[in-house]
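Mind having a look at this structure? Questions to follow.
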Number of protein chains: 2
Amino acid sequence: MDNINLVFEALSSTPRRKILNYLSATSLTAGEIAERFEMSKPAMSKHLKILQTANLINGEKKGQFMHYSLNRDNLVTSLHDFTANLCPVGSVLKKESKKMADDNEGS
Amino acid sequence: MDNINLVFEALSSTPRRKILNYLSATSLTAGEIAERFEMSKPAMSKHLKILQTANLINGEKKGQFMHYSLNRDNLVTSLHDFTANLCPVGSVLKKESKKMADDNEGS
DNA sequence: TAACCATTTAACTTATTAGTTAATTAACTA
DNA sequence: TAGTTAATTAACTAATAAGTTAAATGGTTA
């Protein structure tokens, strides 16, 4: 399956989007993530695998712990590429983009 | 179901994303869209309904024809809002945004 | 080594999704 | 009015997704 397909498949689940939100603050182990949900560890493990296969998160094994972190780059570029294909240059996307750039001017 | 949920649910299907691509070029009737797929009209009708419920397309009845068009605004703002929540201000999103703005400078 | 802990895999069940054909609704036309 | 066309709804089937518990894997520690 190609990447955009994997990305949208991964993002279609509310718990998976919630996982990404948790990981946007900090890296977490599989167990720490599971703690934040009312769901078994095996179920969580599947969600994490789906996110990792879509390249939206990275997993790194440290001893017996699996540390997961957000892969912002692939998330942003995937969604950006998708949107860009649907939006003719000079149209909505451009306005949105300019607005974003302007909003962040001072930071 | 809240809108972001509907949006990602709608976008998780390859045929539905393909419909959006067709509609990015021009508005089309339900029948014209169905022609472009190897799928029955009822199946297509369901996909169109899902996209409309997510507010990603608009449907307008003209006589016996149903004309569908892309709702770019909701698509772009939904994905933007989602991304913005996951990306701390001043980080990847900002770079992406600036890049987009720069790329479009001349247009 | 033996017991323990974190995580994943396997096997399975249930719910949901995506498609089909047949029937219905509504608009158009001879 | 009768027949045709466009689109949707209804009823159903098959494939997929999402969860469960039990078992396996691999690293840690007494």
Side-chain angles (χ1 to χ4, degrees), chain A residues 1-23 26-71 78, chain B residues 1-23 26-71 78:
Chain A
M1 190 149 65
D2 71 339
N3 187 258
I4 193 68
N5 219 317
L6 291 171
V7 166
F8 278 113
E9 174 59 38
L11 292 177
S12 69
S13 142
T14 306
R16 286 196 290 267
R17 291 197 305 279
K18 202 171 164 188
I19 292 168
L20 296 182
N21 265 297
Y22 281 125
L23 292 178
T26 178
S27 294
L28 294 168
T29 67
E32 289 170 332
I33 297 169
E35 273 174 13
R36 287 157 168 77
F37 293 81
E38 293 195 344
M39 190 187 292
S40 67
K41 283 181 169 194
M44 182 51 62
S45 193
K46 269 199 212 174
H47 284 303
L48 292 169
K49 189 177 203 170
I50 289 167
L51 288 168
Q52 191 171 19
T53 300
N55 200 26
L56 293 175
I57 64 175
N58 297 118
E60 190 187 356
K61 189 157 193 182
K62 291 183 187 171
Q64 60 190 138
F65 295 87
M66 199 63 183
H67 290 255
Y68 286 102
S69 60
L70 184 61
N71 185 350
S78 293
Chain B
M1 188 148 65
D2 69 340
N3 186 257
I4 191 66
N5 220 317
L6 291 171
V7 166
F8 278 112
E9 176 58 38
L11 293 178
S12 69
S13 141
T14 307
R16 285 196 291 268
R17 290 197 306 278
K18 202 171 163 188
I19 291 168
L20 297 182
N21 266 296
Y22 281 125
L23 292 178
T26 179
S27 294
L28 293 168
T29 67
E32 288 169 331
I33 297 169
E35 274 174 12
R36 288 158 168 75
F37 292 81
E38 293 195 344
M39 190 186 292
S40 67
K41 283 182 168 193
M44 182 53 61
S45 194
K46 270 199 211 173
H47 284 304
L48 292 169
K49 188 175 205 173
I50 289 168
L51 287 167
Q52 191 171 21
T53 301
N55 200 26
L56 293 176
I57 64 176
N58 298 119
E60 189 187 355
K61 189 158 192 179
K62 291 183 187 171
Q64 62 191 141
F65 295 87
M66 196 65 184
H67 290 256
Y68 286 101
S69 59
L70 184 60
N71 185 349
S78 293

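A, B, ... follow the sequence lines: proteins, then strands. Residue 1 opens every chain.
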Applying side-chain contact (heavy atoms from CB on, under 4.5 Å) to Lys61(B) and not counting sequence neighbours gives Met66(B)
Residues within residues 6-15 of chain B bordering DNA chain D, heavy-atom distance below 4.0 Å: none
Check DNA chain C against residues 53-69 of chain A and give the residues with a non-hydrogen atom under 4.0 Å, in numerical order. Gln64(A), Phe65(A), Met66(A), Tyr68(A)
With both distances kept under 3.5 Å, what pairs with dA30(C), Watson-Crick or G-U wobble? dT1(D)
Between Leu23(B) and Ile33(B), which heavy-atom pair has the shortest distance, and what is it? CD2-CD1, 4.1 Å
Which residues pass the side-chain contact (heavy atoms from CB on, under 4.5 Å) test with Ser27(B), not counting sequence neighbours? Ser69(B)
Enumerate the residues from residues 36-49 of chain A whose closest heavy atom to DNA chain C is under 4.0 Å, giving them by residue number; use none for an empty result. Lys41(A), Pro42(A), Ser45(A), Lys49(A)
Side chains of Thr29(A) and Lys62(A), heavy atoms from C-beta outward: is any pair under 4.5 Å? no
For Asn55(B), enumerate each residue passing the side chain to side chain donor-acceptor pair (under 3.5 Å) test, keeping only those at least two apart in sequence or located in another chain. Asn71(B)
Side chain to side chain donor-acceptor pair (under 3.5 Å) involving Asn21(B) - partner list, sequence neighbours excluded: none
Sorted by chain and number, sequence neighbours left out, ring-ring contact (aromatic ring centres under 6.0 Å, His included) with Phe8(B) holds for Phe82(B)
Restricting to side-chain contact (heavy atoms from CB on, under 4.5 Å), what partner residues turn up for Leu6(B), sequence neighbours left out? Met1(B), Thr53(B), Ala54(B)
Residues pairing under side chain to side chain donor-acceptor pair (under 3.5 Å) where one sits in residues 33-52 of chain A, two or more places apart or in two chains, turn out to be Arg16(A)-His47(A)
Need two values: the first and the last nucleotide of DNA chain D, 5' to 3', having an atom under 4.0 Å from any heavy-atom of chain B. dT5(D) to dT9(D)
Excluding sequence neighbours, so at least two apart, what forms ring-ring contact (aromatic ring centres under 6.0 Å, His included) with Phe37(B)? Tyr22(B)
Contact between Leu28(B) and Ile19(B) at the side-chain level, heavy atoms closer than 4.5 Å - yes or no? no
Option among Leu70(B), Ile57(B), Asn58(B) that satisfies the side-chain contact (heavy atoms from CB on, under 4.5 Å) test with Leu51(B): Ile57(B)
